[in-house]
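Here the structure comes first, spelled out in structure tokens, and everything after it is commentary.
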Amino acid sequence: MAAWQPRQGETLLSRGAVEFATGMAAPVSGMRWFRDTERRDIQQELPGWPEGPTYVVRSRADQTTRRAARGVGVVTHSLVVLAAGVLGAVGSPFGSPNVRGKSEDPKNEVDDFPAMWGQPGGIARDLPWQLDPARRPANLRTHIIVTDVRLVVVGFPDDDPSRDELLWEADRSVVAQVARKKFSEGKRDFTITFTDGSWCRLHSYDSDCVNRLILHTGVPSEFVPMDRLTPGERQAVDDFLAKVAPAEGDSGVAGSAYPYRTVTRMPSGNLYFETWSEIVDPVKGISAGPGSWFGPDGEPGKLKPGDTDWIGGMN
């Protein structure tokens, strides 16, 4: 067996680990729902899906109880850390809280938390149940793959991508919008809205995965095949590769470590050149190597407004 590979003539643009997102606000913390357009729970209607948990949005009383329980835990932890400090400890194991800001979509992030939203027959309803952390086996991971022609979801057990199984695929033409959701852990939630209005909310543990998914599907950028570059653009790519080439005998950009190369044209006209590893990491997917910005004719690129909007934390 082998890791998933694109078809002949198809170009791999991104691959990373994803799953259905999980609520963060107190009323929906740790939960997710699968809804139709009337906000009915549709998990029993999804074909082939195994049984999963049934959640209920927490009342104010439930939230108060949970906060009180957490308060006891915080006091206990504080006493332990204080005692450790007296005994000569050099630091606390508890980091700063991850501030998530204010919800921009309370009805879908605070009052409810749909991870899937779709009318009967909606494209989102065809997504695989293995994306649900509450249903899939503990040893299974799911990755989303973006190419120049389609989106693909694969799953594999035991952190072994060589055992990839195709779970779902759709043509790029059915994707209407991909958008980052800032009210989430590390701003790593995002929604994929399909052309029929159905959508899903996914989460990744790797920011690079979200960034590149948005670059290649969520902004009005254009994938440019290497054989369609102008002479000036091609020369700029060759010059960059020569500049970062490793010493003879080493493995690097000019060798086998980053054999995939892609060029993306931004609305400003600037070009973003990337190199990609062929190694699939179970958590990160495929990793990007050195890259560079070029102008429309291959000249050194000067970033323009909108060029980096796809990068989390820069907009």
Side-chain angles (χ1 to χ4, degrees), residues 2-18 142-154 156 161-162 164-178 190 192 194-195 202 204 206 208-241 244-245 251-281 284-294 296 298 301 307-308 310-311:
W4 183 94
Q5 294 293 324
R7 300 166 182 153
Q8 186 172 3
E10 183 178 24
T11 301
L12 176 66
L13 300 177
S14 177
R15 172 172 177 159
V18 297
T142 45
H143 281 193
I144 191 167
I145 298 167
V146 181
T147 78
D148 58 326
V149 297
R150 57 183 168 149
L151 264 63
V152 175
V153 174
V154 298
F156 56 89
S162 71
D164 272 346
E165 177 187 357
L166 177 65
L167 302 176
W168 176 86
E169 63 180 327
D171 193 270
R172 286 276 297 266
S173 64
V174 305
V175 178
Q177 183 183 40
V178 178
F190 59 95
I192 301 177
F194 300 103
T195 50
L202 303 175
S204 178
D206 182 56
D208 197 50
C209 168
V210 182
N211 290 341
R212 278 168 171 75
L213 187 72
I214 291 174
L215 169 65
H216 294 299
T217 61
V219 297
S221 60
E222 175 193 1
F223 165 68
V224 184
M226 298 292 285
D227 60 2
R228 295 185 186 176
L229 296 177
T230 67
E233 293 165 351
R234 181 73 224 197
Q235 188 61 53
V237 168
D238 291 343
D239 290 346
F240 174 76
L241 289 174
V244 300
S251 177
V253 173
S256 61
Y258 299 102
Y260 297 115
R261 288 90 187 264
T262 59
V263 178
T264 304
R265 190 183 308 278
M266 308 303 292
S268 68
N270 279 337
L271 299 171
Y272 182 53
F273 172 67
E274 300 174 273
T275 59
W276 291 95
S277 171
E278 64 180 352
I279 299 171
V280 180
D281 181 89
K284 291 183 173 294
I286 57 172
S287 299
S292 184
W293 288 90
F294 305 122
D307 280 350
T308 59
W310 53 278
I311 302 176

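Side chains are part of it too, since the values below use all heavy atoms of this structure and drop only hydrogens, waters and symmetry mates.
- The salt bridge (Lys or Arg N to Asp or Glu O under 4.0 Å) check on E165 picks up nothing, with sequence neighbours excluded.
- Residues that satisfy the ring-ring contact (aromatic ring centres under 6.0 Å, His included) test with F273, not counting sequence neighbours, are F240.
- The salt bridge (Lys or Arg N to Asp or Glu O under 4.0 Å) test applied to R228 returns no partner, not counting sequence neighbours.
- The ring-ring contact (aromatic ring centres under 6.0 Å, His included) search around F156 returns H143, not counting sequence neighbours.
- No side-chain donor-acceptor contact under 3.5 Å links N270 to the backbone of G301.
- In this structure, SG on C209 lies 7.5 Å from CD1 on I144, to the nearest 0.5 angstrom.
- To the nearest 0.5 Å, atoms CD1 (I214) and CD1 (I192) are separated by 10.0 Å.
- The shortest non-hydrogen separation linking P161 to R15 is CB-NH2, 4.1 Å.
- With sequence neighbours excluded, no residue forms a salt bridge (Lys or Arg N to Asp or Glu O under 4.0 Å) with R172.
- Partners of A176 according to the side chain to side chain contact (heavy atoms under 4.5 Å, CB included) rule, which considers only residues two or more places apart in sequence or in another chain, are T195.
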Would L241 and R261 count as a side chain to side chain contact (heavy atoms under 4.5 Å, CB included) here? Give the steps. CA-CA 10 Å; L241 289 174; R261 288 90 187 264; 3.5 Å; yes

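- Rounding to the nearest 0.5 Å places CG of L13 at 5.5 Å from CZ of F223.
- The two residues R265 and P296 have their closest heavy-atom pair at NH1-O, 4.4 Å.
- Residues that satisfy the side chain to side chain donor-acceptor pair (under 3.5 Å) test with T142, not counting sequence neighbours, are R136.
- Under the rule for a ring-ring contact (aromatic ring centres under 6.0 Å, His included), W276 has no partner lying at least two apart in sequence or in another chain.
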Output, in order, the C-alpha distance, side-chain angles, deciding distance and verdict of side chain to side chain contact (heavy atoms under 4.5 Å, CB included) for V280 and W4. CA-CA 10 Å; V280 180; W4 183 94; over 6 Å; no

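- Put simply, OH on Y272 and OG1 on T308 are 10.5 Å apart, with the number rounded to the nearest 0.5 Å.
- The two residues V18 and S204 have their closest heavy-atom pair at CG1-CB, 4.2 Å.
- P267 approaches P220 most closely through the heavy-atom pair CG-O, 3.4 Å.
- For the atom pair NE2 (H216) and CG (L151), the distance works out to 11.5 Å, reported to the nearest 0.5 Å.
- Not a single donor-acceptor pair under 3.5 Å links the side chain of S287 to the backbone N or O of S277.
- Every residue was checked against the side chain to side chain donor-acceptor pair (under 3.5 Å) condition with S292, not counting sequence neighbours, and none meets it.
- With sequence neighbours excluded, no residue forms a salt bridge (Lys or Arg N to Asp or Glu O under 4.0 Å) with D307.
- Nearest heavy atom pair, residue T217 against residue V178, reads OG1-CG2, 3.1 Å.
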For side chain to side chain contact (heavy atoms under 4.5 Å, CB included), just list the numbers for E233 and L271, CA-CA rounded to whole Å, side-chain angles, deciding distance to a tenth of an Å, and then say yes or no. CA-CA 9 Å; E233 293 165 351; L271 299 171; 3.5 Å; yes

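- With sequence neighbours left out, D227 forms a side chain to side chain donor-acceptor pair (under 3.5 Å) with no residue at all.
- With sequence neighbours excluded, the residues that form a side chain to side chain donor-acceptor pair (under 3.5 Å) with D239 are Q235.
- A distance of 11.0 Å separates CG in D281 from CD1 in I286, rounded to the nearest 0.5 Å.
- Atom CD1 of I279 is surrounded by 12 or fewer heavy atoms from other residues, nucleotides or ligands within 6.0 Å.
- L215 and S221 get closest at one heavy-atom pair: O-OG, 2.7 Å.
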